Participant: 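Just dropping this structure here.
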Amino acid sequence: MAAELWASTFSLVGVVLGGALTAFTQRAAQRSADRAEERRQSAATAETRRAEQVQAIKEFLVCAQDAERAAYSRPDPWGDDEGGWMTRTQTVMTRLWTADRGVVLLCDPALEAPARAYGRALNQAVWREIGDMEVNEHLEEHKNAFMVAARASLSLT
């Protein structure tokens with residue numbers, strides 16, 4: 001009878017040990033799967049965020065190019081609305097400042113100051129607050145600073 005008791009006890013211990021190991025293995029596998037899903041979600045979120053940042057920078061650059069084009073096409077001498085130039089240019093500048101806010105909202109904070117400086121330089125060039133200086137000469141430093149900051153910002157993400 002003692003042998004039967006020992007056999008039953010060993011059998012019961014084996015079942016309990018096997019069940020515990022199975023539960024431990026399943027829990028570890030689930031935790032591993034959860035961590036992998038978190039990493040995948042984090043990578044997907046980071047990629048989406050980077051795409052939004054690239055789009056914001058591209059939109060700002062498109063608007064900056066439109067503003068630069070407006071600066072070069074400004075009628076001389078300055079007077080009335082000269083064939084709708086002022087009306088069109090006000091819209092262009094509004095789009096530029098809106099795009100600037102998009103950069104500030106979505107991109108690295110280090111990009112805010114260069115974007116703002118480039119926008120101000122464009123504004124000065126459009127409304128001829130630059131004296132006798134050429135438009136491209138006035139904009140070059142600010143444009144380059146923005147591009148360097150944008151590249152650095154995107155390399156971080």
Side-chain angles (χ1 to χ4, degrees), residues 12-75 81-131 133-157:
L12 180 60
V13 168
V15 168
V16 168
L17 187 59
L21 287 174
T22 300
F24 175 74
T25 303
Q26 286 178 344
R27 183 163 187 244
Q30 183 61 46
R31 287 176 54 199
S32 177
D34 290 346
R35 284 192 303 269
E37 178 62 19
E38 285 177 20
R39 283 191 302 272
R40 189 195 66 72
Q41 284 283 13
S42 178
T45 300
E47 185 57 34
T48 300
R49 182 81 167 143
R50 186 176 195 290
E52 289 174 340
Q53 292 172 350
V54 167
Q55 185 59 39
I57 291 169
K58 284 169 70 174
E59 179 64 26
F60 180 79
L61 290 173
V62 166
C63 293
Q65 186 62 44
D66 289 344
E68 191 171 337
R69 196 174 300 114
Y72 280 112
S73 67
R74 180 176 172 183
D81 196 6
E82 304 294 333
W85 180 87
M86 184 180 290
T87 303
R88 287 188 309 274
T89 301
Q90 287 173 339
T91 302
V92 165
M93 295 310 291
T94 299
R95 285 182 46 236
L96 175 69
W97 293 120
T98 302
D100 172 73
R101 297 294 82 199
V103 167
V104 169
L105 181 65
L106 294 171
C107 296
D108 185 51
L111 196 53
E112 182 176 0
R116 178 70 48 86
Y118 186 28
R120 284 189 181 134
L122 283 162
N123 193 63
Q124 291 169 340
V126 165
W127 304 115
R128 291 290 198 264
E129 298 169 358
I130 58 175
M133 186 181 285
E134 289 293 322
V135 171
N136 61 338
E137 184 181 336
H138 176 70
L139 295 177
E140 196 65 30
E141 177 185 342
H142 300 290
K143 185 188 302 186
N144 288 338
F146 175 76
M147 294 303 285
V148 166
R151 276 188 216 100
S153 171
L154 290 174
S155 70
L156 297 175
T157 56

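What you see is a predicted model, and the numbers here were worked out from it, not measured in a lab.
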Participant: Which residue pairs satisfy the salt bridge (Lys or Arg N to Asp or Glu O under 4.0 Å) criterion with at least one member in residues 120-131, sequence neighbours excluded?
Facilitator: none

Participant: Ignoring hydrogens, what is the shortest heavy-atom contact between A56 and L106? Give both atom names and the distance.
Facilitator: CB-CD1, 4.0 Å

Participant: Under 4.5 Å between any side-chain heavy atoms of D100 and Y118, yes or no?
Facilitator: no

Participant: Quick one: do E38 and R35 make a salt bridge, cutoff under 4.0 Å?
Facilitator: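 A salt bridge is absent here (no side-chain N lies under 4.0 Å from a carboxylate O).
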
Participant: In Å and rounded to the nearest 0.5 Å, what is the CD1 to CD distance from I57 to E52?
Facilitator: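 The distance works out to 12.0 Å.
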
Participant: Does atom CD of Q90 have more than 12 heavy-atom neighbours from other groups under 6.0 Å away?
Facilitator: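 Yes, CD of Q90 has more than 12 neighbouring heavy atoms, counting only those of other groups under 6.0 Å.
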
Participant: What distance separates L105 CG from E112 CD, expressed to the nearest 0.5 Å?
Facilitator: 10.5 Å

Participant: Does any non-hydrogen side-chain atom of E37 lie less than 4.5 Å from one of D34?
Facilitator: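 No, too far: nothing below the 4.5 Å cut-off.
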
Participant: About how many Å separate CZ of R40 and OG1 of T45, when rounded to the nearest 0.5 Å?
Facilitator: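 Taking OG1 in T45 and CZ in R40, the distance rounds to 9.0 Å.
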
Participant: In Å, rounded to the nearest 0.5 Å, how long is the span from CG of L154 to CD of Q53?
Facilitator: 6.5 Å

Participant: Identify all side-chain donor-acceptor contacts of residues 59-70 below 3.5 Å with residues at least two apart in sequence or on another chain.
Facilitator:
residue, atom, partner, partner atom, Å
D66, OD1, R69, NH1, 2.8
D66, OD2, R95, NH1, 3.1
E68, OE1, K143, NZ, 3.2

Participant: Which pair of non-hydrogen atoms, one from S153 and one from C107, has the smallest distance, and what is that distance?
Facilitator: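 Shortest heavy-atom contact: OG-CB, 4.5 Å.
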
Participant: Does any N or O in the side chain of S32 come within less than 3.5 Å of the main-chain N or O of A28, such that one atom is a donor and the other an acceptor?
Facilitator: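 No: the side chain of S32 does not pair with the backbone of A28.
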
Participant: If I take atom CD1 from residue I130 and atom CG from residue L122, how far apart are they, to the nearest 0.5 angstrom?
Facilitator: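 CG of L122 is found 10.5 Å from CD1 of I130.
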
Participant: On a heavy-atom basis, which atom in A125 and which in V135 lie closest, and how many Å separate them?
Facilitator: CB-CG1, 4.1 Å

Participant: Would E140 and N136 count as a side chain to side chain donor-acceptor pair (under 3.5 Å) here? Give the steps.
Facilitator: CA-CA 6 Å; E140 196 65 30; N136 61 338; 5.9 Å; no

Participant: Heavy atoms, side chains only, cut-off 4.5 Å: are V92 and V126 in contact?
Facilitator: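 No, too far: nothing below the 4.5 Å cut-off.
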
Participant: At their closest point, which heavy atom of S73 faces which heavy atom of W85, and how far apart are they?
Facilitator: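 Scanning both residues, the minimum pair turns out to be OG-NE1, 3.3 Å.
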
Participant: Going from CD on Q26 to CG on L21, what distance comes out if it is rounded to the nearest 0.5 angstrom?
Facilitator: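 Here the interatomic distance stands at 11.5 Å.
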
